[in-house]
Amino acid sequence: MESQLSTQMLISPMLIIVLILSVHTFAQEDMQFIYNGFQGSINKLHVDGITTIHSNGLLQMTNHSQQLSSHAFYPHPVIFKPSRLSFSTTFVFAMVPQVHNISGHGIVFVISPTTNFQHTLPSQYLGLFNNSTNGRSSNHIVALELDTVQNLEFKDIDSNHVGIDVNSLKSVDAASAAYYSDKERSNKILLLNSGKPMQIWIDYDEVEMLLNVTLAPFRDPKPSKCLLSKHLNLSALLLDTMYIGFSSSTGSEAASNHYILGWSWNQTGKAQNLDPDKLPPLPQNKQQKLLFRNIVFVVLLIVVILALLGIAAALWFLWRKKYRELLEPWEKEYAPHRYTFKDLYVATKGFKNSELLGVGNFGKVYKGILPSTSRQVAVKLVSHDSKRGMKEFVEEISSMTRLRHRNLVQLLSYCRRKGELILVYEYMPNGSLDKILYGKDNKSKLSWSTRFNIIKGVASALLYLHEEWEQVLLHRDVKASNILLDAEMNARLGDFGLARLYDHNNDPRTTYVVGTVGYIAPEVTRTQQPTTSTDVFSFGMFLLEVGCGKRPIGKQSDNDDEDFFLGDWVYDCWKRGEILTASDPTMEDDYQEKKLELVLKLGLLCLHPKAKERPTMRQIVQFFNGSTTLPEIPSDYDIDSCIFFEEG
Ligand SMILES: *[C@@H]1O[C@H](CO)[C@@H](O)[C@H](O)[C@H]1NC(C)=O
Ligand SMILES: *[C@@H]1O[C@H](CO)[C@@H](O)[C@H](O)[C@H]1NC(C)=O
Ligand SMILES: *[C@@H]1O[C@H](CO)[C@@H](O)[C@H](O)[C@H]1NC(C)=O
Ligand SMILES: *[C@@H]1O[C@H](CO)[C@@H](O)[C@H](O)[C@H]1NC(C)=O
Ligand SMILES: *[C@@H]1O[C@H](CO)[C@@H](O)[C@H](O)[C@H]1NC(C)=O
Ligand SMILES: *[C@@H]1O[C@H](CO)[C@@H](O)[C@H](O)[C@H]1NC(C)=O
Ligand SMILES: *[C@@H]1O[C@H](CO)[C@@H](O)[C@H](O)[C@H]1NC(C)=O
């Protein structure tokens with residue numbers, strides 16, 4: 001008995017202490033709190049209705065269903081008495097209407113003696129009262145309504161207002177939603193149901209007995225002027241402990257998603273600012289999503305189109321560049337003679353190596369088949385790098401297309417590109433003479449009579465260029481490799497006139513001898529001045545080449561180190577009185593001695609060191625005709641010394 005009593009006596013003071021302590025800590029805790037988003041708070045809030053907390057911390061109170069009312073309250077009561085009536089609170093909310101600008105009904109911040117709102121009504125009652133409880137002084141409810149519907153029954157001022165409610169939905173004070181912009185020093189209207197987050201501050205001072213309400217767009221600082229400032233004596237209204245939280249309702253005609261993003265409460269000082277970056281973002285609504293998707297789609301489409309256009313432009317540019325030609329106004333009069341580069345590109349399969357016929361002094365020569373006419377042509381790519389003299393040269397080229405001689409390779413046309421001149425000639429199926437003359441396989445094609453025919457042809461062509469054309473045209477590079485053979489093995493002189501390209505291209509002060517070593521007349525190295533006689537010199541070397549089947553200079557045999565000069569050698573043979581021993585042994589003795597001798601001797605005469613002593617092309621043709629007899633070869637000149645060097 002005694003022990004029982006003593007334990008009872010012991011327990012009761014302990015209980016009292018525990019109770020005091022718990023009330024004390026309780027009070028301490030509840031003087032202030034802050035929710036920067038409501039992550040994980042579903043069990044720490046007292047909620048009803050369809051209130052949910054999204055995983056990102058967004059507190060949603062209503063959705064687009066009509067006639068809803070929902071509540072979310074801080075779970076513990078807060079202590080207002082004695083003398084703790086002052087408070088400061090701020091929260092960020094958003095109202096996202098189902099249809100733009102049509103919404104219902106509103107959000108209310110509530111200070112209430114209870115969290116039980118079982119018998120309340122939605123719509124204009126905002127989940128706070130029912131038709132019989134509205135306006136009762138026993139309600140002990142202080143509320144701040146954010147109302148988006150004008151209800152004449154409660155004398156609402158408009159459909160976008162903020163009102164202070166005491167026990168009744170008939171506000172004791174209200175104002176259209178607006179804020180004071182400190183920057184612009186003016187009031188600005190805010191549309192509560194714009195779907196954008198906004199922040200509201202509610203401050204009450206028990207000494208001044210002023211309830212201040214301030215509104216601003218989210219992320220704006222608190223304006224210096226408040227929207228509502230109402231004198232209110234809350235001491236009779238508020239009970240010792242009260243619950244604080246939110247009520248929200250949708251209407252019977254329209255509904256909104258009502259969200260609370262964050263909330264802070266303080267009874268010991270100003271409510272701490274919410275951290276805007278910690279607050280949860282609002283979900284994108286369907287229209288926004290659709291709009292966003294459309295924008296993304298359009299942007300992607302534009303990007304893709306631009307990219308395609310870019311690629312197309314690049315391809316077009318490359319295509320243009322690939323086939324770009326030069327055609328200057330002055331060239332128009334020659335334009336009829338031109339082929340397009342594109343045609344020539346197609347004709348030569350893009351200047352493919354497999355179509356290469358040969359590489360000459362002036363550039364590469366390709367075989368081609370013109371796409372329009374299927375005509376076989378030889379396409380010569382000549383590189384040139386200066387504009388200077390181009391006009392004269394093109395004039396000449398153009399005039400050369402008018403050259404007509406059965407022993408000239410016909411120049412058909414030309415085309416000009418940056419740094420490139422393209423000449424189009426007749427195609428010669430038997431290729432160049434040197435290939436046959438020095439090749440192993442086709443030598444049998446070159447019988448004496450063929451050779452003599454070739455020689456006469458070349459002579460005739462040179463005569464035409466020197467004397468029979470409207471102006472004197474020098475060839476400047478007569479040699480076996482510039483003699484082409486047509487299908488009947490007739491000689492066709494090629495590359496005429498191209499030497500002028502060097503004249504036009506190069507600085508006149510620089511010295512450049514056009515021609516091929518071994519064929520260049522000795523005086524050219526001194527004077528730089530080509531003449532018909534220098535062509536005759538080259539022709540003389542060509543005569544010996546064809547008659548002897550040997551190159552102008554080279555080695556006597558593969559293992560011989562000593563240089564061999566064809567002119568020298570034939571001259572020696574002639575001096576010994578055995579000129580025919582110099583003849584090409586592969587001619588199989590079908591040659592006519594007299595004519596072969598004529599060819600070799602004429603060759604020696606053409607190599608005369610003194611230009612004046614050489615015969616002219618007209619004389620040469622006459623020698624071949626037999627209408628003039630060949631003069632004697634002077635026995636006092638040394639051919640050896642004149643192949644490279646000027647006469648002594
Ligand atoms: C609103 O929420 C309730 C409860 O979650 C749900 O049954 C209803 O379908 C929702 N309404 C809309 C329009 O989403
Ligand atoms: C939206 O609502 C406001 C307030 O009720 C009103 O002044 C405005 O004219 C409305 N706008 C549209 C587009 O309906
Ligand atoms: C109104 O609410 C009170 C209590 O909150 C309840 O007793 C009463 O029945 C309700 N009246 C109606 C009409 O719903
Ligand atoms: C409240 O509403 C109920 C049901 O709509 C109705 O029966 C009752 O008469 C109303 N009471 C008052 C006081 O208006
Ligand atoms: C309320 O606003 C008035 C001026 O509008 C100001 O004097 C007063 O200090 C404010 N009170 C609180 C608690 O913010
Ligand atoms: C405020 O209300 C209480 C209770 O009704 C009253 O005792 C007090 O005098 C009032 N204060 C002022 C300044 O009116
Ligand atoms: C409450 O006010 C006090 C004093 O100004 C301040 O130290 C405290 O951080 C505030 N707490 C909250 C949660 O606002």
Side-chain angles (χ1 to χ4, degrees), residues 27-38 41-42 44 47-55 58-72 74 76 78-92 95-99 102-105 109 122 127 137-138 140 142 166-167 172 195 199-211 214 222 230-240 242 244 248-259 262-276 278-279 282-287 289:
Q28 278 288 332
E29 263 178 14
D30 297 339
M31 301 264 281
Q32 59 191 57
F33 58 79
I34 183 161
Y35 292 101
N36 280 306
F38 297 87
S41 304
I42 190 72
K44 295 182 199 154
V47 301
D48 65 24
I50 65 144
T51 301
T52 50
I53 294 172
H54 294 227
S55 58
L58 184 65
L59 178 68
Q60 178 169 8
M61 300 194 67
T62 61
N63 61 17
H64 290 157
S65 289
Q66 293 172 354
Q67 299 277 32
L68 296 175
S69 74
S70 300
H71 302 87
Y74 189 69
H76 312 294
V78 297
I79 297 162
F80 282 103
K81 283 181 181 168
S83 65
R84 282 233 233 128
L85 292 173
S86 296
F87 66 90
S88 168
T89 187
T90 181
F91 61 95
V92 174
M95 298 185 188
V96 184
Q98 186 174 14
V99 182
I102 300 175
S103 72
H105 221 281
F109 172 74
S137 58
S138 59
H140 291 282
V142 179
V166 176
N167 291 330
V172 296
Q199 186 165 6
I200 200 151
W201 292 263
I202 307 167
D203 301 291
Y204 180 73
D205 184 273
E206 66 176 319
V207 180
E208 289 177 306
M209 287 193 224
L210 271 181
L211 182 75
T214 315
K222 185 181 180 183
K230 178 71 183 166
H231 191 269
L232 269 184
N233 184 351
L234 290 184
S235 65
L237 212 56
L238 297 181
L239 306 182
D240 290 5
M242 302 284 280
I244 50 174
S248 172
S249 73
T250 59
S252 49
E253 275 149 34
S256 307
N257 289 332
H258 291 155
Y259 300 106
W263 178 26
S264 132
W265 169 269
N266 205 347
Q267 286 179 278
T268 60
K270 285 273 174 265
Q272 198 178 314
N273 278 332
L274 298 169
D275 182 344
K278 281 190 189 158
L279 300 190
L282 292 176
Q284 283 178 332
N285 70 24
K286 274 183 196 151
Q287 274 169 335
K289 260 186 211 164

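First listed ligand is number 1; within each ligand, the first listed atom is number 1.
- Counting the atoms of ligand 6 from 1 in the order shown, those under 4.0 Å from a heavy atom of Met209 are 11 (N), 12 (C), 13 (C).
- For ligand 7, residues of the protein lying within 4.0 angstrom by heavy-atom distance are Gln32, Phe33, Trp265, Asn266, Thr268, Gly269, Lys270, Ala271, Gln272.
- When each atom of ligand 1 is checked for a heavy atom of Ser65 under 4.0 Å away, the hits are 1 (C), 8 (C), 10 (C), 11 (N), 12 (C), 13 (C).
- Using modelled atom types, one finds no donor on one side chain facing an acceptor on the other under 3.5 Å when comparing Thr90 with Trp263.
- Checking Thr250 against His105 by side-chain atom types alone, no donor-acceptor pair falls below 3.5 Å.
- Each of the atoms 1 (C), 2 (O), 3 (C), 4 (C) of ligand 6 lies under 4.0 Å from some heavy atom of Ser235.
- A salt bridge does not link Asp240 with Arg84: every distance from a Lys NZ or Arg NE/NH1/NH2 to an Asp or Glu carboxylate oxygen is 4.0 Å or more.
- Inspection of the Ser137 and Asn167 side chains reveals no N or O donor paired with an N or O acceptor under 3.5 Å.
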Worksheet entry | Chi angles and distances behind the side chain to side chain donor-acceptor pair (under 3.5 Å) call for Ser88, Asp203 | CA-CA 4 Å; Ser88 168; Asp203 301 291; 2.8 Å; yes

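- Counted by atom type alone, Gln60 and His258 present zero donor-acceptor pairs between their side chains at under 3.5 Å.
- Taking the six-membered ring wherever Trp is involved, the centroid distance between the rings of Tyr35 and Trp265 does not fall below 6.0 Å.
- Against a heavy-atom cut-off of under 4.0 Å, Ala236 is close to the following atoms of ligand 6: 4 (C), 5 (O).
- For ligand 1, the polar-atom distance check finds no N/O of His64 at less than 3.5 Å from any of the ligand's N/O atoms.
- For Val92, the side chain to side chain contact (heavy atoms under 4.5 Å, CB included) criterion is met by Pro197, Gln199, Phe218, Leu261, Leu274, Leu279, not counting sequence neighbours.
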